[in-house]
There are 2 protein chains.
Amino acid sequence: MSKIQHRSLYLEVADRVRDLIERGDLAPGERISEKQLCERFGVSRTPLREALKVLASEGLIELLPNRGARVMRLTLKMVKDTYDLMGALEGLSGELACQNISDEGIKAIRALHDEMLRHYRDRNLANYFQVNQKIHEGILAASANEVLQEMYSNLSQRVKRVRYSKKMTDDFWHRAVQDHEHMIIALEARDGKRLGQILRDHLCNKLEAVSLAGVIEEERTLDAANA
Amino acid sequence: MSKIQHRSLYLEVADRVRDLIERGDLAPGERISEKQLCERFGVSRTPLREALKVLASEGLIELLPNRGARVMRLTLKMVKDTYDLMGALEGLSGELACQNISDEGIKAIRALHDEMLRHYRDRNLANYFQVNQKIHEGILAASANEVLQEMYSNLSQRVKRVRYSKKMTDDFWHRAVQDHEHMIIALEARDGKRLGQILRDHLCNKLEAVSLAGVIEEERTLDAANA
DNA sequence: TGGATGAATTTTGAATTCTTAATATCTTTC
DNA sequence: GAAAGATATTAAGAATTCAAAATTCATCCA
């Protein structure tokens, strides 16, 4: 039996706009027309504008006074900064997880790890990614720090658009799997410092993959668009 | 000549509500009446409600559907979690600062450090705190990571209410100053890993001071209030 | 033809109004 | 006298309306 719960309209709208941004239906730098979105969602401007304010404070859009909103443009520096931050947070999550995770929890992560290895051997990138993410989410959850989880998911949301670059070189993939081998060893030994360090460096690798993929627009693009 | 700039009303309101919460004029757990605040600020409900939504997404208040807002209640666990997070962020700021800070920047921090030591010797707690904060802000700024700064200031805002406990034992104070001695050495050596580690542990000490001061309400208090 | 000026239109900002849900009060009944 | 139900009151959610700013577009002049 599902709980009878009337979520506020502005939350619903915020979710849907987040979706649109993530899927790329709203392009970075694109001006967001209030009227257009109102019609699309079938709501009045009040809840829509409330949602936009929330999204702005989440860093997904920017609000230009008297000129409406636009999807936040990602510069290479912003993404780098965000990844540095996410690395620090993942590192912390690893440390805390080693303190707080149950033995069953470790077993569950181990099972995911083995499953991921199978997908790696099969060269099944999609499944690999999925299980990979579950592992990181598992460690994050095991940290038992809700504030950390909240911050992480906000940061993650911001860079989601550039995250999954389809072209993953064999070299990077191999290194990522190696990282995970070290991670599971550190976790099973409950060596928090070590797991933290690995997780942090692990994310740096991911950033390399992203910036190489060239998904992000360079600063000069931004200047051009602003002019 | 100052720029003619009309900040949006909702931003103004959000700032003022933040202030009220920080100063304790709005008590934790206290129900926030929209009408009352509207009258107090002389604005209509629309910008006020937009401000409340932003504050909710910042974690300062919570929005109960159809029941208005109330100031977020801080539990001991929440503060602990937040401090863990802030520690990780300070650690990162130290690492990045060592990479990015200029020689002049280091000299400026050194000057602040020496000033702080003077205040310590004079047992001038207020001035000590002020300069101490400037040092941490200086390192944060030197990290040259705006996303980090934004996140840090958000977290800092959340726990500002409990932060400055007046009673600081000599022992804690001594340890804090020692930490700072090590910090400045690491910074001048541009030893990022070390500075990061010190900053992280440094904040842990602060948390001890806070939790000992007993400013925060325990979980049971929360339950009682919710019942 | 190109740029500047000013009216018309559009869009955003904010207040008001309307609607619905929650809370308090008052009956009524046992 | 207490509990359950009905009604009144209040407050929140959302749409509409009004006001102000920005944008567009047409006109005028160099």
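The basis for the numbers below is simple: all heavy atoms, side chains too, and nothing from hydrogens, waters or symmetry mates. So that the names make sense, note that chain A is the first sequence line, chain B the second, and so on, each numbered from 1.
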Self-check item: Criterion side-chain contact (heavy atoms from CB on, under 4.5 Å) on A:Leu26 and A:Ile61, from CA distance to verdict
Solution: CA-CA 10 Å; A:Leu26 288 172; A:Ile61 64 173; over 6 Å; no
Quiz item: Of all the nucleotides listed (D:dA11, D:dA14, C:dT12), which has the minimum atom distance to the side chain of A:Glu34?
Solution: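 Among the listed nucleotides, the one closest to the side chain of A:Glu34 is C:dT12.
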Quiz item: CG of A:Asp15 to CD of A:Glu22: how many Å apart, nearest 0.5 Å?
Solution: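 Answer for the CG-CD pair, A:Asp15 versus A:Glu22, is 11.0 Å.
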Self-check item: B:Arg16 CZ to B:Leu48 CG distance, which is reported to the nearest 0.5 Å
Solution: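 The distance works out to 11.5 Å.
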Spacing between [X] atom [atom1] and [N] atom [atom2], to the nearest angstrom:
X       : N      : atom1 : atom2 : result
B:Arg7  : C:dG13 : CZ    : P     : 14 Å
A:Glu12 : D:dG13 : CD    : P     : 15 Å
A:Gln36 : C:dT12 : CD    : P     : 10 Å
A:Arg45 : D:dC18 : CZ    : P     : 14 Å
A:Phe41 : D:dA14 : CZ    : P     : 15 Å
A:Glu50 : D:dA15 : CD    : P     : 10 Å
B:Lys35 : D:dG13 : NZ    : C1'   : 16 Å
A:Glu39 : C:dT10 : CD    : P     : 13 Å

Quiz prompt | Most 5' of B:Arg49 and A:Asn66 on DNA chain D, judged by nearest nucleotide | solution =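 Residue closer to the 5' terminus by nearest nucleotide: B:Arg49.
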Exercise. Report the C-alpha distance between B:Val17 and B:Phe41 in whole Å, list the side-chain angles of each, state the deciding distance to 0.1 Å, and finish with yes or no for side-chain contact (heavy atoms from CB on, under 4.5 Å).
Key: CA-CA 10 Å; B:Val17 175; B:Phe41 298 143; 3.7 Å; yes
Quiz item: Is the base of C:dG13 touched by the side chain of A:Arg67 through a donor-acceptor pair closer than 3.5 angstrom?
Solution: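 Per atom types, no contact qualifies.
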Practice problem: May I ask you to verify whether the side chain of A:Ser44 and the base of D:dA14 hold a donor-acceptor pair under 3.5 Å? | Solution: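 Per atom types, no contact qualifies.
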Quiz item: Which sits closer to the 5' end of DNA chain C, B:Gly42 or B:Arg31, going by the nucleotide each is nearest to?
Solution: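 Its nearest nucleotide lies further toward 5', so the answer is B:Gly42.
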Exercise. Using the six-membered ring wherever Trp is involved, compare the ring planes of B:His113 and B:His180 and label them parallel, tilted or perpendicular (cut-offs 30° and 60°).
Key: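 Taking B:His180 first and then B:His113, their aromatic rings lie parallel (interplane angle under 30°).
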Practice problem: Could you check whether A:Ile32 gets within reach of a base, just the sugar-phosphate, or nothing at all, counting any heavy atom under 4.0 Å? | Solution: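 Sugar-phosphate contact only.
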